[in-house]
Number of protein chains: 2
Amino acid sequence: MERLLQSIKITINDKIFVKDPDSSELGRRILEHSIVLIDEIGFEAFTFKKLGDRIGSNESSIYRYFENKHKLLVYLTSWYWGWLEYQLVFATNSLPDASDKLKKAIEVVTRTVKEDNSYSHINEVVLNRIVINESSKSFLTKEVDEENRNGYFVIYKRIVERLAEMITQVDAGYAFPSSLASTILEGALHQYFLKDHFPALTDCDSSTSPTKYFTELVFKTLNQNSNV
Amino acid sequence: MERLLQSIKITINDKIFVKDPDSSELGRRILEHSIVLIDEIGFEAFTFKKLGDRIGSNESSIYRYFENKHKLLVYLTSWYWGWLEYQLVFATNSLPDASDKLKKAIEVVTRTVKEDNSYSHINEVVLNRIVINESSKSFLTKEVDEENRNGYFVIYKRIVERLAEMITQVDAGYAFPSSLASTILEGALHQYFLKDHFPALTDCDSSTSPTKYFTELVFKTLNQNSNV
DNA sequence: ATAATATGATAGTAATACTATTATTTTTGC
DNA sequence: GCAAAAATAATAGTATTACTATCATATTAT
């Protein structure tokens, strides 16, 4: 699996960037260090000037790759979802049983991220923290509909749709497959956030995982007649 | 109920503001029009200068009420949760049956907001849109732990705790009452957001509500042994 | 070796996010 | 009704942000 992953390029919608950051050394440095810097100081305090200082490069050079920091965030989160989608498909593809497949899928999208050395310039553990803390800001904007029309969120949508489909495969009569799928994906990020900052608002801690919570939630919900 | 609500003052932690905006005419104008303006142009584009122009008042006067726009957002969302908490307690308090109580609670926290004329300067329908679109930004910051220590999010936490307690009253053996409670509250906002911007990612639309989705989800989950 | 391309350096602009000071208006207390 | 206090407005000023434009230099490709 390690070897196979190594050869996969995660393709990001080219409307998100001015120049493909994966096409040059400087571009890859921008990606690598923007992840670290956003994690360190937060998205609000992050600027291209600070990133330029950090990588010993000029602010104006960074603008040649991304129009602004919002687009960079959209790129980074898209890359993350692309990376996760690959894992999702790889891990579930060969499973013949619908329940096994869904269970594995929930595990993949809710588990704690481990380092993956396939992409040397991207630290997936740090990127996962950015997705937890900052990714909502990529779509909670006034421009969301236009950006959605331009395909900025296709990968994310595809993951939710894949999950929803797996849910339907387990229980064709369930009325809310898409809502449940989107709840799992956003909800898992939220449970990780709560674990770190509002531990009283979650039961997830060192001994109980978001994976366990969501797996139980989903399998208790499916294949049951509504008792409400 | 209308009459009773009229007399209730929603109390906000006084560390959030410099001067209580509910104590003066200008303060209330700030609240009223900041809600409208944030809804119109989004939190990123919103500035105290623009708000000052809108209410025919000076930027510097607004700074005497709030240190910055982030604190104003924390105030507005706190007010919203205070308003919702009152409705939650009022609607569920007299119900003797634990399941009825929880069902009503889910309804209150997930339903579409209707105008409430008890607070003349605050439009709850517009404020609800702000909570859906912007409230995550109030806690997705580097300062969240300090602000949490200062009690900025107490009302929100209390609502989640109340919900969690009601869940436990229905099923004392359920292992994730707090996670489920926080999932309902954040998840409902997210489903409303998806309905407006990513309809393919939710099953909630004009004919099916987030209330129905979450009610079914919760009652299917509780009082069942884990089948995972 | 030349041309094309990428990057760097510098400068400049409008807006943001404030702080400080002083003037004016409004409120209140007697 | 008047003085004192409090609130608000007006103005100015600063550092930073979020860019754009231009020109110089370095790197790469033909």
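Here is how names work: the chains are called A, B, and so on, in the same order as the sequence lines, proteins then strands, and each is numbered from 1.
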Residues that [X] engages under salt bridge (Lys or Arg N to Asp or Glu O under 4.0 Å), provided they are two or more places apart:
{"X": "B/E40", "value": "B/R54"}
{"X": "B/E67", "value": "B/K71"}
{"X": "A/K69", "value": "none"}
{"X": "B/D53", "value": "none"}

Just checking A/F66: base, sugar-phosphate only, or nothing, at a heavy-atom cut-off of under 4.0 Å? nothing
Quick one: side chain to side chain donor-acceptor pair (under 3.5 Å) partners of B/R129, sequence neighbours excluded? B/D39
Run the side-chain donor-acceptor check on residues 193-200 of chain A: report pairs under 3.5 Å with partners two or more places apart or on a different chain.
| unit_1 | atom_1 | unit_2 | atom_2 | d |
| --- | --- | --- | --- | --- |
| A/H197 | ND1 | B/D145 | OD1 | 2.7 |
| A/H197 | ND1 | B/D145 | OD2 | 3.3 |

Any side-chain hydrogen bond (donor to acceptor under 3.5 Å, both in side chains) pairs touching residues 42-51 of chain A, not counting sequence neighbours? A/E44-A/K137
Rounding to an integer number of Å, can you tell me how far B/I62 CD1 sits from D/dT8 C1'? 11 Å
Tell me which residues in residues 17-31 of chain A lie within less than 4.0 Å of DNA chain C, going by non-hydrogen atoms. A/K19, A/S24, A/L26
Scan residues 27-53 of chain B for pairs that pass ring-ring contact (aromatic ring centres under 6.0 Å, His included), counting only residues two or more places apart or in two chains. B/F48-B/Y63
Please check: side-chain N/O of A/S138 versus main-chain N/O of A/V74, any donor-acceptor pairing under 3.5 Å? no
So salt bridge (charged side-chain N to carboxylate O under 4.0 Å, His left out) across residues 81-91 of chain B, not counting sequence neighbours, yields B/E85-B/R158, B/E85-B/R162
Outermost nucleotides of DNA chain C that come under 4.0 Å of a non-hydrogen atom of chain A: C/dA6 to C/dT10
Under a 4.0 Å heavy-atom criterion, the protein footprint on nucleotides 14-30 of chain D, written with B, S and -, is ---SSBBB---------
